[in-house]
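Below: the structure, in structure tokens.
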Amino acid sequence: MSKRLLLVGAGHAHLEVLRRFKESMLRNVDVCMISPSSYQFYSGMFSGFTEGIYSEEDTRIDLVQLSKKSGVHFIQKKAALVKADRKKVVCEDGTVYPFDVVSFDIGSRSLPVEYEDTVAHTIKPNYRFIDKIKSLRETTKPLIVGGGAAGTELALSIQAYKEKHKIPGQVRLITSERVLSSAPAWTSARLRNLLNKKGVRVWEGERVEEIYDQFVQTEKNNRVRHTGVLWLGGAISDDIFKRSLIETDDRGFALVRPTLQFKSFDYIFGAGDCVTMEDYPQIAKSGVYAVRQGPVLWENLMNFLEGKSLQSYVPQKHALYILSTGGRKGFLVYKAVSAHNHKAWQLKNKIDTDFMDKYQ
Ligand SMILES: Cc1cc2nc3c(=O)[nH]c(=O)nc-3n(C[C@H](O)[C@H](O)[C@H](O)COP(=O)(O)OP(=O)(O)OC[C@H]3O[C@@H](n4cnc5c(N)ncnc54)[C@H](O)[C@@H]3O)c2cc1C
């Protein structure tokens with residue numbers, strides 16, 4: 001009898017699993033993908049969409065089509081609970097899906113619970129991005145909270161859009177640390193200068209405490225006016241694992257072994273932002289790692305189903321980041337090196353369009 005594999009979430013690693021199914025067309029496994037949107041939006045293209053370089057079509061992968069070509073049954077639902085011992089996933093609408101093996105690649109959230117009832121927007125899950133950014137970029141004082149790669153890149157992209165379309169006003173960015181705090185201090189300083197030069201107003205070392213309809217209040221008692229808030233303050237876990245009594249790190253991300261199997265369950269796998277590797281708890285919640293986990297996840301899912309031994313995923317020590325800064329220029333960061341030029345953007349454009357082509 002064929003075994004049932006459930007893929008929960010259409011994150012980067014699961015896209016690779018779908019693609020491999022398309023290539024191999026295995027018949028001895030019954031595969032379902034559960035994801036709340038029929039499209040997967042790729043965050044690498046978000047800055048280009050925001051600025052007006054890419055269309056909506058360019059930023060998304062049609063999951064219904066890809067699943068069909070891969071022989072995978074697509075279920076447009078959101079998983080709410082995993083009954084790990086009973087091998088069942090329960091969706092928000094109460095439907096139950098049994099499995100022999102399940103894999104999670106559901107990404108992360110970004111808006112803290114305490115701000116859910118405020119005017120602050122989140123673009124997570126990623127299918128919310130298009131609508132949110134379309135309205136925000138038209139306003140005069142959009143405010144980004146979070147000075148990491150995503151926050152700074154989107155601030156610069158909205159500013160570029162506003163300039164192109166002569167929309168008055170200025171993008172504002174508040175961050176509790178320095179911008180791009182994971183990079184060396186001189187790289188942060190270079191990016192901060194660039195933000196200033198492009199006209200983005202930046203507050204560093206300021207934590208947002210309260211969000212009101214027309215302004216936010218920081219812990220230093222500054223009031224910063226806004227016409228819309230986009231919260232990009234770092235990855236927060238979905239509640240699903242805590243609710244399911246799965247072992248997690250202290251932030252609620254499921255703990256996985258080097259084989260990408262959950263800590264206490266051989267038949268539950270996971271990849272991307274939603275998991276933390278026990279042996280590498282510090283690696284960033286970023287798409288780079290989710291992409292690299294894809295091929296290992298595929299091999300291990302297949303080998304596990306066939307009773308063979310599994311391989312380990314070893315994360316790379318350093319990752320290359322290229323932030324789009326507007327006008328088809330990119331800010332490239334690798335280890336201690338940074339560069340700002342058109343070549344960097346061209347490289348980013350190539351990496352991102354190659355990624356999209358692979359899954360269309
Ligand atoms: C503006 C921006 C730019 C970025 N640029 C980069 C970049 O250039 N490089 C980089 O490495 N990282 C980048 N990141 C970070 C990157 O987006 C995330 O780290 C990455 O998307 C995580 O990938 P993932 O595979 O874990 O999940 P995601 O890509 O977030 O996908 C998760 C999937 O799971 C689905 N899902 C969610 N909840 C459920 C559920 N309960 N049940 C079923 N399905 C569910 C979602 O709909 C989605 O399909 C950027 C982030 C932002 C916001």
Side-chain angles (χ1 to χ4, degrees), residues 6-18 32-51 59-61 63 66 74-82 89-93 97 102-111 121-129 132-133 144 146 148-158 230-235 237-241 243-244 253-254 270-276 283-294 297 316 319-324 330-333 347-349 351-352 355 359:
L6 279 189
L7 301 172
V8 182
H12 297 71
H14 279 179
L15 290 177
E16 181 61 13
V17 172
L18 282 189
C32 293
M33 166 168 277
I34 298 176
S35 204
S37 167
S38 54
Y39 293 103
Q40 169 67 354
F41 289 83
Y42 174 54
S43 61
M45 311 293 274
F46 283 179
S47 51
F49 174 82
T50 302
E51 189 184 341
T59 66
R60 65 188 195 187
I61 291 153
L63 294 173
L66 181 59
F74 182 74
I75 299 163
Q76 191 175 340
K77 287 189 182 176
K78 189 167 182 199
L81 191 75
V82 51
V89 165
V90 184
C91 289
E92 267 185 348
D93 65 356
Y97 294 92
V102 66
S103 175
F104 286 86
D105 187 5
I106 59 171
S108 51
R109 301 189 302 113
S110 73
L111 188 65
H121 297 287
T122 169
I123 56 168
K124 295 277 185 174
N126 283 355
Y127 59 83
R128 292 180 165 180
F129 174 75
K132 299 286 175 195
I133 214 72
I144 308 280
T152 50
E153 187 180 46
L154 280 189
L156 287 162
S157 304
I158 298 175
L230 182 60
W231 194 282
L232 287 166
S237 64
D238 191 289
D239 293 344
I240 187 168
F241 300 126
R243 214 182 297 131
S244 307
F253 297 108
D273 281 8
C274 70
V275 301
T276 290
I283 62 170
K285 300 286 176 200
S286 103
V288 174
Y289 297 100
V291 168
R292 295 286 177 96
Q293 286 168 341
L297 181 66
Q316 69 220 74
L320 168 76
Y321 289 95
I322 306 176
L323 317 182
S324 178
F331 187 80
L332 177 151
V333 183
L347 177 60
K348 175 175 168 53
N349 181 52
I351 293 170
D352 293 335
F355 179 85
Y359 301 107

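Ligands are counted one by one from 1 in listed order, and the atoms in each one are counted from 1 as well.
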**Request:** Any atoms of ligand 1 less than 4.0 Å from a non-hydrogen atom of Ile123? List them with their elements.
**Result:** 53 (C)

**Complete:** Heavy-atom nearest pair, Gln40 first then Leu15, reads CG-CD1, 4.1 Å

**Request:** Select one of side chain, backbone, both or neither to describe which atoms of Glu153 lie under 4.0 Å from any atom of ligand 1, heavy atoms only.
**Result:** side chain

**Message:** Using heavy-atom distances only, which candidate in Arg109, Met33, Gln40 approaches atom 49 (O) of ligand 1 most closely?
**Reply:** Gln40

**Message:** Can you report which non-hydrogen protein atom sits closest to atom 24 (P) of ligand 1, along with the distance?
**Reply:** Asp105 OD1, 3.4 Å

**Closest to atom 42 (N) of ligand 1 (judged by heavy-atom distance), picking from Ala79, Gly151, Ser43** = Ala79

**Prompt:** Any idea which protein heavy atom is nearest atom 32 (C) of ligand 1, and the distance to it?
**Reply:** Ile106 C, 3.4 Å

**Message:** At under 4.0 Å between heavy atoms, is it the side chain or the backbone of Ile240 that contacts ligand 1, or both, or neither?
**Reply:** neither

**Fill in**
If you scan protein heavy atoms around atom 2 (C) of ligand 1, the nearest is Ala150 CB, 3.6 Å

**Message:** Could you identify the single nearest non-hydrogen protein atom to atom 20 (C) of ligand 1 and state the distance to 0.1 Å?
**Reply:** His12 CE1, 3.5 Å

**Request:** Could you check atom 43 (C) of ligand 1 against the protein and tell me its nearest heavy-atom contact, residue, atom and distance included?
**Result:** Ile34 O, 3.5 Å

**Identity and distance of the protein heavy atom lying nearest atom 8 (O) of ligand 1** = Lys348 NZ, 4.0 Å

**Request:** Check whether any protein heavy atom sits under 4.0 Å from atom 29 (O) of ligand 1.
**Result:** yes

**Closest candidate by heavy atom, reference atom 36 (N) of ligand 1, pool Pro36, Ala290, Gly107** = Pro36

**Fill in**
Quick note on ligand 1: atoms under 4.0 Å from a heavy atom of Tyr127 include exactly 47 (O)

**Those atoms of ligand 1 less than 4.0 Å from some heavy atom in Val8** = 42 (N), 43 (C)

**Asked** Do the side chain of Lys348 and the main chain of Gly44 share a donor and acceptor less than 3.5 angstrom apart?
**Response** yes

**Prompt:** Which residue owns the protein heavy atom closest to atom 12 (N) of ligand 1, what's the atom, and how far is it?
**Reply:** Gly287 N, 3.1 Å

**Request:** Specify the protein heavy atom at minimum distance from atom 18 (C) of ligand 1: its residue, its atom name, and the distance to 0.1 Å.
**Result:** Asp273 OD2, 3.5 Å

**Residue of the set Phe129, Tyr127, Phe355 for which ring pair (Phe, Tyr, Trp, His ring centres under 6.0 Å) holds with Tyr42** = Phe355

**Request:** Check ligand 1 against Gly272 and write out every atom of the ligand that is under 4.0 Å from a heavy-atom position of the residue.
**Result:** 26 (O)

**Request:** Looking only at distances, please establish whether an N/O atom of ligand 1 is found under 3.5 Å from an N/O atom of Phe46.
**Result:** no

**Item:** Proximal ligand 1 atoms for Lys78, defined as those under 4.0 Å from one of its heavy atoms
**Value:** 40 (C), 41 (N), 42 (N)

**Fill in**
Under 4.0 Å from one or more heavy atoms of Leu154, ligand 1 contributes atoms 1 (C)

**Fill in**
Nearest non-hydrogen contact to atom 46 (C) of ligand 1 from the set Ala271, Ser110, Pro125, Ser38 belongs to Pro125

**Asked** What atoms of ligand 1 come closer than 4.0 angstrom to any heavy atom of Lys285?
**Response** 19 (O)

**Asked** Relative to Phe253, does Lys285 satisfy both conditions: NZ or CZ under 6.0 angstrom from the six-membered ring centre, and within 45 degrees of the ring's axis?
**Response** yes

**Message:** Tell me whether Arg292 at atom CZ has more than 12 heavy atoms from other residues, nucleotides or ligands lying less than 6.0 Å away.
**Reply:** no

**Item:** Contact partition for Phe129 relative to ligand 1, non-hydrogen atoms under 4.0 Å
**Value:** neither

**Prompt:** Is there a protein heavy atom less than 4.0 Å away from atom 10 (C) of ligand 1?
**Reply:** yes

